[in-house]
Amino acid sequence: MDIPRIFTIAESAHRIHNPITAEKLATLGKALRLESGVRVLDLGSGSGEMLCTWARDHGVIGTGIDLSPLFTEQARARAEELGVADQVKFIHGDAAGYVADEKVGVAACVGATWIAGGVVGTIELLARSLRTGGIILIGEPYWRQLPPTEDVAKGCLAESTSDFHRLPELLASFGHVGYDVVEMVLADQDGWDRYEAAKWLTMRRWLEANPNDDFAKEVRAQLSSEPERYAACTREYLGWGVFALMPR
Ligand code: SAH
């Protein structure tokens with residue numbers, strides 16, 4: 001069980017696999033007023049930065065599930081590094097359908113809502129693990145500006161403009177499924193640069209270390225085309241945020 005190889009190559013040096021920065025992740029942790037000992041479930045936990053830093057800074061107890069063996073291994077190493085290995089557990093596996101044995105105070109899916117077929121399905125899945133009074137976190141893109149053409153939407157790696165809402169409609173959509181939006185932390189273009197531009201140096205170094213790998217052609221093609229695609233499309237049109245929700 002693994003994710004497509006291009007991600008494990010391009011994002012092997014990322015601690016956060018999203019346009020949110022370490023500072024904004026810390027802001028989010030504070031904004032949620034996390035109490036020591038609260039349980040946090042993270043579906044698609046990546047390299048574990050959210051759970052590990054919140055365990056260190058707020059004393060949370062966390063479980064993360066991720067399909068990537070590499071990211072899961074990195075998450076465990078990060079927990080050791082931050083001295084929180086007794087507070088957080090990282091499981092390698094498919095998070096689709098995952099429900100916690102013990103209900104949690106925070107149930108999160110930050111930038112992986114495809115695991116339950118989109119935002120609505122992911123909220124429903126997370127709700128099954130949530131204790132009364134708990135908070136759901138959803139990390140999701142939205143359009144900063146509507147793409148002028150479907151080609152620009154595709155350039156943002158969406159299938160079509162209808163894949164995402166604009167921010168007001170995204171916020172309203174949470175209400176339509178019965179949730180209050182109680183907090184949010186939004187990424188900005190600098191955060192997008194940290195996520196996207198950091199892949200380029202990683203890919204370049206990987207190419208230098210693996211010139212004869214079967215995959216080198218694909219990585220080379222990505223490195224050649226990504227900066228322009230990103231600047232023309234994602235950076236201009238796509239926003240991203242983490243939204244904190246409580247059932248009405
Ligand atoms: N939340 C993390 C990672 C976001 S990237 C962060 O913000 O850093 C999306 C993550 O979803 C990747 O780590 C990928 O390995 C994971 N993923 C993709 N499909 C998955 C699935 N079916 N089950 C669990 N994790 C999955």
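Indexing begins at 1, ligand by ligand and atom by atom, following the structure's order. We count residues from 1, following the sequence as given.
- Tyr142 and Glu169 share no side-chain donor-acceptor pair at under 3.5 Å.
- A salt bridge is absent between Asp214 and Arg5; no separation between the charged side-chain nitrogens and carboxylate oxygens falls under 4.0 Å.
- Contact check on Lys30 versus Asp57 returns no salt bridge, with no Lys/Arg side-chain nitrogen under 4.0 Å from an Asp/Glu carboxylate oxygen.
- With hydrogens and angles left out, the side-chain atoms of Thr72 and Arg76 include no donor and acceptor closer than 3.5 Å.
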Provide, line by line, the atom pairs where ligand 1 and the protein bring an N/O atom each to a distance under 3.5 Å; else say none.
from, atom 1, to, atom 2, distance (Å)
ligand 1, 1 (N), Gly44, O, 2.8
ligand 1, 1 (N), Val110, O, 2.9
ligand 1, 7 (O), Asn18, ND2, 2.6
ligand 1, 8 (O), His17, N, 2.8
ligand 1, 13 (O), Asp66, OD1, 3.3
ligand 1, 13 (O), Asp66, OD2, 2.7
ligand 1, 15 (O), Asp66, OD1, 2.6
ligand 1, 19 (N), Trp114, NE1, 3.3
ligand 1, 22 (N), Asp94, OD1, 2.9
ligand 1, 23 (N), Ala95, N, 2.8
ligand 1, 25 (N), Leu67, N, 3.1

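- Using a cutoff of 4.0 Å between basic side-chain nitrogens and carboxylate oxygens, Glu208 and Arg204 are scored as salt-bridged.
- A donor-acceptor distance shorter than 3.5 angstrom exists from the side chain of Arg229 to the backbone of Gly155, with no hydrogens or angles considered.
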